[in-house]
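As a basis for the values below, the full set of heavy atoms in this structure was taken, side chains included, without hydrogen atoms, waters or symmetry mates. If you're wondering where the values come from, they're calculated on a predicted model, not measured in any experiment.
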Amino acid sequence: MTQADEFETEDGADAVKAPRRSIFRRQAAPLLPEAGAAGAPLTAVIAVMSFLAVLAMASLLIVNRAASEWTSSLRSEITVQVKGASADEIENGVEAALRILNETDGVIEATEKSRDETAALLEPWLGEGNAEAFLNIPAIIEVKAAPSLRDNLDLLRNRIVAAAPGASLDDHARWHDRLSGAARSGQAMAFGVFLLVMGAACAISIFAARAGLAANHEIVSVLHLVGATDGFIAAEVQRRFFILGLRGALLGLFAALAALMLAGFAVRSSPAADNFLPSLRLGGWMILWLAAAPVATCLVTAVTARLTVLKTLSKQY
């Protein structure tokens, strides 16, 4: 023996040196490996599903917030338009309409728009400066009304028309109905896309779970021989799919948030688009709702894999 293989005790006896034990314990390998032929592709597919789910959820939230802002503005305001053959006739009609409005309960504020502001509203159709040159521009009165007044505008409309024959009252009901209908259609479409993504995640989990059982058929058979139950094997498969789903869901979430932030910057950099497109601001509550989409994708993937394994094993054993 060499000097490294033995040592001398205190009483002079020689003894073979015992092998040293490692202070690090080896981590037990999973019964059904997490890696393998389907690991990376499945993670990539789940990431894509999570990306689409987050975008669908973001579309639902953005449309809901935009519709709420637009319709609340329409519901709180009404417009009185006063026409006339001459400027004096229009001015007299405005004074009569304002007097009626100020005397009406439920009218919070009534403000006449200036002639320049009214002309600016017509410039996109008539061209700059043409509105004042060729037309007696109708006067517009913006009225902020309480909800109680909006429920019965016929009496106010009749009083204004009686005091100013060239006046008309618009409660924006047509625009409100059209915006509400468009918002409901957008929300239904976004929710439908979200459901389709969840359905696709279920289908992918079913095929991947069956393929995993077929690839690990020998391991599953040995586990049954040593007394493993179907629930134990299903739990192992569920754990594997949950890990893969969590990785893919996080990748999809980060990619979707980055895409939404870039889209928000693009909208804010274009003032003209910002006037027509809804805001893409990502607030705290919105991020929490968006995080629910990849969580749902991950849970759907894991639970579907477990149910698929239980159903498959019940037929085989």
Side-chain angles (χ1 to χ4, degrees), residues 38 41-75 173-211 238 241-242 244-268 273-308 311:
L42 182 60
T43 302
V45 171
I46 294 176
V48 174
M49 293 294 102
S50 177
F51 177 81
L52 296 177
V54 173
L55 291 185
M57 180 66 72
S59 301
L60 179 63
L61 296 175
I62 290 172
V63 170
N64 182 50
R65 182 174 61 186
S68 178
E69 293 176 355
W70 292 337
T71 55
S72 63
S73 177
L74 291 178
R75 290 288 297 175
R174 183 181 63 177
W175 290 104
H176 179 272
D177 295 339
R178 293 181 63 180
L179 283 176
S180 299
R184 287 192 296 268
S185 299
Q187 291 171 353
M189 183 179 299
F191 187 69
V193 172
F194 182 80
L195 292 181
L196 288 177
V197 172
M198 293 296 104
C202 289
I204 292 170
S205 300
I206 292 173
F207 288 116
R210 290 177 178 175
Q238 180 181 357
F241 274 74
F242 180 80
L244 294 176
L246 183 61
R247 295 171 184 171
L250 291 177
L251 290 175
L253 174 62
F254 293 146
L257 290 178
L260 290 173
M261 291 178 64
L262 291 177
F265 290 147
V267 170
R268 286 193 292 270
D274 195 19
N275 293 331
F276 298 97
L277 297 178
S279 174
L280 297 180
R281 297 185 305 270
L282 297 179
W285 286 105
M286 186 174 181
I287 293 179
L288 291 179
W289 277 105
L290 294 181
V295 171
T297 306
C298 182
L299 293 178
V300 165
T301 303
V303 172
T304 303
R306 178 184 179 89
L307 296 178
T308 303
K311 183 177 180 180

> For the atom pair OG1 (Thr308) and CD (Gln238), what is the distance rounded to the nearest 0.5 Å?
Replying inline: 11.0 Å

> Which atom pair, heavy atoms only, marks the closest approach of Arg247 to Thr43?
Replying inline: CB-CG2, 4.0 Å

Identify every side-chain donor-acceptor pair in residues 190-207 under 3.5 Å, counting partners at least two apart or on other chains, and give the distances.
{"from": "Ser205", "atom 1": "OG", "to": "Ala201", "atom 2": "O", "distance (Å)": "2.9"}
{"from": "Ser205", "atom 1": "OG", "to": "Thr301", "atom 2": "O", "distance (Å)": "3.4"}

>> Please give me the minimum heavy-atom distance between Ile46 and Ala249, naming the atom from each residue.
In response: CG2-N, 4.1 Å

> Looking at Ala291 and Leu253, what are the two nearest heavy atoms and their distance?
Replying inline: CA-CD1, 4.4 Å

> If you measure from CE on Met57 to CG on Leu52, what distance do you get to the nearest 0.5 Å?
Replying inline: 13.0 Å

>> In the structure I gave you, are the side-chain heavy atoms of Pro294 and Val54 within less than 4.5 Å of one another anywhere?
In response: yes

>> Testing the basics here: between Ser50 and Gly248, what is the closest heavy-atom pair and its distance to 0.1 Å?
In response: CB-O, 4.1 Å

>> Between Ser59 (side chain only) and Leu55 (backbone N and O only), is there a donor and an acceptor less than 3.5 Å apart?
In response: yes

> Just wondering, do Leu42 and Phe241 contact through their side chains at under 4.5 Å, heavy atoms?
Replying inline: yes

> Which pair of non-hydrogen atoms, one from Thr297 and one from Met49, has the smallest distance, and what is that distance?
Replying inline: CG2-CB, 4.4 Å

